[in-house]
Amino acid sequence: MSQTLKAVRGTRDLLPPETELWNRIEATARSVFARYHFGEIRTPIFEDTGLFARGVGAETDIVSKEMYTWEDRARAQSEKPQSLTLRPENTAGVVRAYIEHKLGESGQLQKLYYIGPQFRRERPQKGRYRQFFQIGAEVIGPQSSGSESPLRDAEVLEMLATLLDELGITGWTLQINSVGSSADRERYNAALREALIPVKEKMCADCQRRAELNPLRVLDCKVPEDQPIIETLPKIVDSLDQESKDHFAAVITALDAAGVPYTRNHRLVRGLDYYTRTTFEFTHGGLGAQNALLGGGRYDGLSENIGGPKAPGIGFAMGLDRLVLTLQAQEADQKSASPQGIDGYIAPMGNAKDAEKLAAINAAGLALARELRRAGLRIELGEGSFRLKKSFEAADKCARRIVILGEDELASGILTVKDFSTSVQTKVPRAELAEFLRN
RNA sequence: GCGGCUAUAGUUCAGCGGCAGAACGCCUGACUGUGGCUCAGGAUGUCGUGGGUUCGAUCCCCACUAGCCGCCCCA
């Protein structure tokens, strides 16, 4: 059906009951964030293209080939059209807002979280979409607010461990590394390039290319034959200055004290230019090639890069789509507890041939449903023209109990209620119905 | 952006160069106020889209689109 309009490639509709899981994850995240004193920020879905070019880095894959960018109409004839971009990530937008609203002037540490869609024009596959959803948070502020303290790094990591645990995600791994200051990284890049010259001939084709273009990425290589060679390459930790070393050591000490399990991975490098010092990923098996549930790190120079004051920070972004996939896989393993269903299904019984009586019984059904829903119950309302058998079938699929509302019940004010799990049928006075259904 | 696999009923999937199939789900009835179990009956559909080969294509070929897997990269 080529004429039929479909969701565009890499985007999708989320339907019930799946959306229930999405909401549960979001609610859990909000509740954890609140306990750590984070407030929600909502930034625009599109921004000036320059924000991402300068913030994320013009040479990154994200900026150089994955952004949805277009030219807005010029506001006046003399003006040049503005280049706008659908946000590929949210950290740059949050820092832009931090600068724009002078949040640093409060002198206080800012702890902000966001939940929302991001857009990257990549080839879609499992766990990777062109519109995808991230839950993220940033801790940012002037140096005097303690934003540069390794304690903040450790606290964010400890919070993430708590959040994943509360979500019920089992078997996650925290991998952590330090990429040092931007000067450290430049030094390391040069050292790595140097060290690769004599050995790259023996490595895989991808690595030979990476050795030229982006030596850091060689460390990510998964080809088994290359591993011994990679182990002989210089480690980034040897390029760190004393300050960065001390910072990383303090993060580790705090994680140990809090009992957060982690794996130090001196080969963990991340693709965004703004990361400095601490970088980390929480990974999970069963996500295929996209094994990262979330990633993040420190970005001490980002604010200045986009024209703001010095404002060190640390943050992360977690893939909501990937959390959902992971939890769905886990629930499938546990054969998923069957859903309880709503509290009641009201089955009005009318005569399909008598329009007046049918309308009356349906109206009575709505009045009863209103009463029960206002009492906080989850109620579905049937249709008076259905045969009772049909009402039962419909009710059995979605509700724990059926409430029969026939002419007898309407006249007497005593409803007939049947519980599907016990098959027990009970007569309940209308005044006691809400309480009865609540149990 | 590159490579591999796939596309048939609401869903999961068989199938074959010559009438379109199963299971589950759905609808109706047995049962005019009683579901789940059972029994009887019924409807599933432009066989992803467009083109080509052929007397004839759901099947073979090509292109496109989409999904999955891998690469790149990332959440």
Side-chain angles (χ1 to χ4, degrees), chain A residues 1-4 6-12 56 59-66 87-91 115-136 204-207 209-210 213-214 216-217 220-223 268-272 275 280-284 287-296 315-326 341 345 347-353 361 382 384 386-409 416-425:
Chain A
M1 260 166 264
S2 58
Q3 271 88 0
T4 314
K6 298 193 297 184
V8 308
R9 182 169 210 200
T11 71
R12 59 201 178 130
V56 179
E59 301 308 316
T60 60
D61 277 19
I62 291 176
V63 172
S64 64
K65 57 186 197 193
E66 296 174 1
R87 64 185 188 198
E89 58 96 57
N90 217 332
T91 299
I115 297 177
Q118 319 292 337
F119 306 85
R120 292 181 202 169
R121 201 180 180 290
E122 295 183 272
R123 180 82 170 248
Q125 51 182 271
K126 194 184 201 74
R128 174 193 286 168
Y129 307 96
R130 289 182 170 183
Q131 173 174 315
F132 60 104
F133 294 81
Q134 286 187 331
I135 300 178
C204 69
D206 277 336
C207 280
R209 191 170 40 81
R210 291 172 181 134
L213 278 166
N214 193 349
L216 283 178
R217 297 249 73 93
D220 267 347
C221 179
K222 288 159 198 128
V223 177
L268 178 70
V269 288
R270 299 187 46 77
L272 278 55
Y275 286 121
F280 57 88
E281 269 178 22
F282 282 72
T283 57
H284 193 277
L287 277 170
Q290 284 67 243
N291 67 347
L293 280 174
L294 68 93
F316 64 87
M318 53 202 303
L320 189 41
D321 308 76
R322 293 182 185 178
L323 291 176
V324 168
L325 282 171
T326 303
Y345 181 103
M349 288 179 54
N351 184 340
K353 287 172 189 154
I361 201 77
F386 290 174
R387 289 184 47 202
L388 192 58
K389 174 186 163 65
K390 180 167 170 161
S391 294
F392 264 78
E393 286 170 347
D396 192 33
K397 289 192 180 85
C398 68
R400 294 157 57 211
R401 296 192 180 94
I402 187 168
V403 178
I404 300 169
L405 181 63
E407 289 189 10
D408 296 349
E409 284 84 358
T416 306
V417 180
K418 186 162 184 179
D419 187 303
F420 287 125
S421 56
T422 61
S423 293
V424 173
Q425 193 157 305

Between B/rC68, B/rU28, B/rA75, spot the one nearest the side chain of A/Lys126, thanks.
B/rC68

Just how far, in rounded Å, is P of B/rG29 from CZ of A/Phe386?
13 Å

Under 4.0 angstrom, heavy atoms only, what part of the nucleic acid is A/Tyr129 near: base, sugar-phosphate, or nothing?
base

To the nearest angstrom, how far is A/Lys6 atom NZ from B/rU49 atom C1'?
9 Å

Ignoring the backbone of A/Arg123, work out which of B/rG29, B/rG1, B/rA75 is nearest its side chain.
B/rG1

Check the surroundings of atom CD in A/Glu393: do more than 12 heavy atoms from other residues, nucleotides or ligands lie under 6.0 Å from it?
yes

With a 4.0 Å cutoff (strictly under), does any side-chain N or O of A/Arg9 reach OP1 or OP2 of B/rA66?
yes

If you measure from the ring centre of A/Phe132 to the centre of the six-membered ring in the base of B/rA75, is it under 5.5 Å, with the planes under 30° apart?
yes

Looking at the side chain of A/Arg217, which of B/rA75, B/rC71, B/rC73 is the nearest nucleotide?
B/rC73

Looking at the side chain of A/Ala292, which of B/rG33, B/rG35, B/rA75 is the nearest nucleotide?
B/rA75

Name the nucleic acid region contacted by A/Thr416, choosing base, sugar-phosphate or nothing; use a 4.0 angstrom heavy-atom cut-off, strictly under.
base

Okay, side chain of A/Arg401, backbone of A/Tyr345: is any donor-acceptor separation there less than 3.5 Å?
no

Can you tell me the pairing partner of B/rG21 across any strand shown, Watson-Crick or G-U wobble, with both distances under 3.5 angstrom?
B/rC13

